[in-house]
Protein chains: 2
Amino acid sequence: MSEPQSSRANLSIGDVSELTGSSIDTIRYYERVNLMPEVERTSGGHRVYTDEHIRRLAFIRHSRALGLSLEQIRQVVDGTEGGSYSCEEWQSLLNLCAEGIVRQIDDLRTAERNLREMIDACGQAELPNCRVVERLLAGEIPQ
Amino acid sequence: MSEPQSSRANLSIGDVSELTGSSIDTIRYYERVNLMPEVERTSGGHRVYTDEHIRRLAFIRHSRALGLSLEQIRQVVDGTEGGSYSCEEWQSLLNLCAEGIVRQIDDLRTAERNLREMIDACGQAELPNCRVVERLLAGEIPQ
DNA sequence: AAACAAATCTGGAGCTACTCCATGTTCCGG
DNA sequence: CCGGAACATGGAGTAGCTCCAGATTTGTTT
């Protein structure tokens with residue numbers, strides 16, 4: 001009677017999938033790797049979800065979109081649930097993440113630049129044999 | 001006596017690894033997935049490499065740095081060796097690649113923007129409880 | 001030549017973050 | 001009570017490596 005109303009949803013895995021946009025397989029996967037709170041079962045073994053699970057899934061999705069790995073998310077979840085994850089820890093984790101992302105962007109931009117050069121070089125030469133591929137194959141084009 | 005001088009190197013896999021910067025495991029892996037030309041063996045079974053292998057490895061490394069998948073590289077290698085890979089095909093492959101990279105960069109930039117917002121939000125509030133993590137955990141922060 | 005250490009061999013497992021599959025069981029409307 | 005949809009489980013597959021154990025080969029030293 002005094003249960004928190006917010007955890008009463010009683011949803012099937014299909015419902016949860018539609019609500020959150022995560023696939024059924026993904027939801028079960030998150031459970032298997034201990035990212036989800038415990039899930040009740042019907043007498044027949046079907047999973048029964050509550051609002052808490054919906055929120056956890058939303059958290060995972062948001063964090064993934066921020067570029068966090070499942071391992072990092074697990075750390076935050078465990079730390080926060082245990083009450084030990086401070087604001088500072090959270091910030092430094094996010095900062096680490098941001099650095100990684102900046103590095104990835106740099107790498108990709110370099111790749112794009114090289115790609116464009118390659119495409120241009122290929123287009124400028126007299127067709128049908130611009131030899132760019134051959135030179136690449138021969139290992140002549142570095143960087 | 002009239003062998004092409006350029007294919008005479010006679011290198012061990014360790015030598016090749018040092019020369020190219022690819023790990024021994026990676027070199028064997030490329031062989032297993034048919035990205036490398038045939039490799040001779042000593043009577044005892046050790047691999048013996050030539051300059052051709054060095055060039056192929058360089059090609060793979062450059063192409064990987066351009067963002068090509070091993071499957072795409074295989075296509076180019078096979079196509080070029082068979083003489084059937086034209087400049088146009090090569091260009092359209094590179095263009096496809098470039099599109100993918102642009103998409104990835106966009107995604108990463110979005111992630112970075114969101115991360116920065118999150119970090120700022122975490123920093124502005126009165127410590128020690130800025131509640132940003134809690135709100136995220138509760139699924140309240142979307143996008 | 002014998003001994004020894006370093007390098008190499010093979011096959012297989014493990015990683016991330018899912019996705020897909022076959023086969024079997026449960027749920028629910030009519 | 002029956003049929004079909006939804007669910008359960010275990011296992012395999014993806015990319016691109018990396019790492020491991022245990023056996024063999026190679027090259028150097030004595």
Side-chain angles (χ1 to χ4, degrees), chain A residues 9-36 38-49 53 56-57 59-77 96-97 100-101 104 107-108 111, chain B residues 9-36 38-49 53 56-57 59-77 96-97 100-101 104 107-108 111:
Chain A
N10 251 20
L11 301 157
S12 74
I13 197 168
D15 297 335
V16 174
S17 176
E18 279 202 26
L19 278 172
T20 64
S22 304
S23 83
I24 290 180
D25 277 327
T26 298
I27 297 169
R28 280 195 283 244
Y29 173 73
Y30 288 159
E31 179 184 343
R32 228 178 53 234
V33 299
N34 300 318
L35 276 170
M36 294 289 279
E38 289 215 353
V39 190
E40 302 280 320
R41 301 290 187 121
T42 64
S43 54
H46 285 201
R47 291 171 177 81
V48 181
Y49 293 92
H53 298 97
R56 176 64 55 87
L57 266 176
F59 174 67
I60 295 172
R61 276 168 60 82
H62 298 335
S63 301
R64 296 279 305 138
L66 291 176
L68 278 77
S69 70
L70 293 190
E71 177 53 33
Q72 291 174 319
I73 296 172
R74 190 170 10 248
Q75 279 172 34
V76 177
V77 167
L96 262 180
C97 248
I101 287 179
Q104 284 180 61
D107 289 350
L108 284 174
Chain B
N10 251 21
L11 301 157
S12 74
I13 197 168
D15 298 334
V16 175
S17 176
E18 279 202 24
L19 277 172
T20 63
S22 304
S23 83
I24 290 178
D25 276 328
T26 298
I27 297 169
R28 279 196 284 246
Y29 173 72
Y30 287 159
E31 179 184 343
R32 229 179 52 233
V33 298
N34 299 317
L35 276 170
M36 294 289 279
E38 289 215 352
V39 190
E40 301 280 319
R41 301 292 186 120
T42 66
S43 53
H46 286 202
R47 291 170 177 81
V48 180
Y49 293 91
H53 298 96
R56 175 65 56 87
L57 266 176
F59 174 67
I60 295 172
R61 277 168 60 83
H62 299 335
S63 301
R64 294 281 303 140
L66 291 176
L68 278 78
S69 69
L70 294 189
E71 177 53 33
Q72 291 174 318
I73 296 172
R74 192 171 9 248
Q75 280 172 33
V76 177
V77 166
L96 261 179
C97 250
I101 287 179
Q104 285 181 63
D107 289 351
L108 284 174

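Quick caveat, the model's predicted, so the values are computed rather than measured. In what follows, chains carry the letters A, B, and so on, assigned in the order in which the sequence lines appear, proteins first and then strands, with residues in each chain numbered from 1.
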Distance in angstrom units between [X] [atom1] and [N] [atom2], rounded:
X	N	atom1	atom2	value
Asp25(B)	dA13(C)	CG	P	16 Å
Ile27(B)	dT10(C)	CD1	P	14 Å
Glu40(A)	dT26(C)	CD	C1'	18 Å
Gln72(A)	dT16(C)	CD	C1'	13 Å
Arg41(B)	dC9(C)	CZ	C1'	8 Å
Leu11(A)	dC27(C)	CG	C1'	16 Å
Tyr29(B)	dC15(C)	OH	P	17 Å
Leu70(B)	dG16(D)	CG	P	4 Å

Please write out the pairs of protein N or O atoms and N or O atoms of nucleotides 23-26 of chain D separated by less than 3.5 Å, giving the distance to one decimal.
unit_1  : atom_1 : unit_2   : atom_2 : d
dT26(D) : OP1    : Thr42(B) : OG1    : 2.9
dT26(D) : OP1    : Gly44(B) : N      : 3.2

Closest to side chain of [X], choosing from [options]:
X	options	value
Ser12(B)	dC17(D), dA8(D), dT8(C)	dT8(C)
Ile13(B)	dC18(C), dT9(D), dT8(C)	dT8(C)
Tyr30(A)	dG16(D), dC18(C), dC19(D)	dC18(C)

Could you check whether any side-chain heavy atom of [X] comes within less than 4.5 Å of a side-chain heavy atom of [Y], counting everything from C-beta outward?
X	Y	result
His46(A)	Ile13(A)	no
Val39(B)	Glu31(B)	yes
Arg74(B)	Val33(B)	yes
Tyr49(B)	Leu57(B)	no
Arg47(B)	Leu11(B)	no
Leu35(B)	Tyr29(B)	no
Arg28(A)	Arg32(A)	no

With respect to the phosphate group of dT8(C), does any side-chain polar atom (N or O) of Arg47(B) fall under 4.0 Å of OP1 or OP2?
no

Check the phosphate of dT19(C) against Thr26(A), side-chain N and O only, distance under 4.0 Å to OP1 or OP2. Yes or no?
yes

How close do Arg56(B) and Val77(B) get, heavy atom to heavy atom, and via which atoms?
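That closest heavy-atom pairing would be NH1-CG1, 3.3 Å.
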
Strand contacts (DNA chain D) in residues 16-24 of chain A, 4.0 angstrom heavy-atom criterion
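Hits under 4.0 Å, by residue number: Ile24(A).
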
On DNA chain D, check which nucleotide each of Arg32(B) and Arg28(B) is closest to and give me the residue with the more 5' one.
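That would be Arg32(B).
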
Checking side-chain contact (heavy atoms from CB on, under 4.5 Å) against Ser22(B), which of Thr20(B), Ile24(B), Asp25(B) comes through?
Thr20(B)

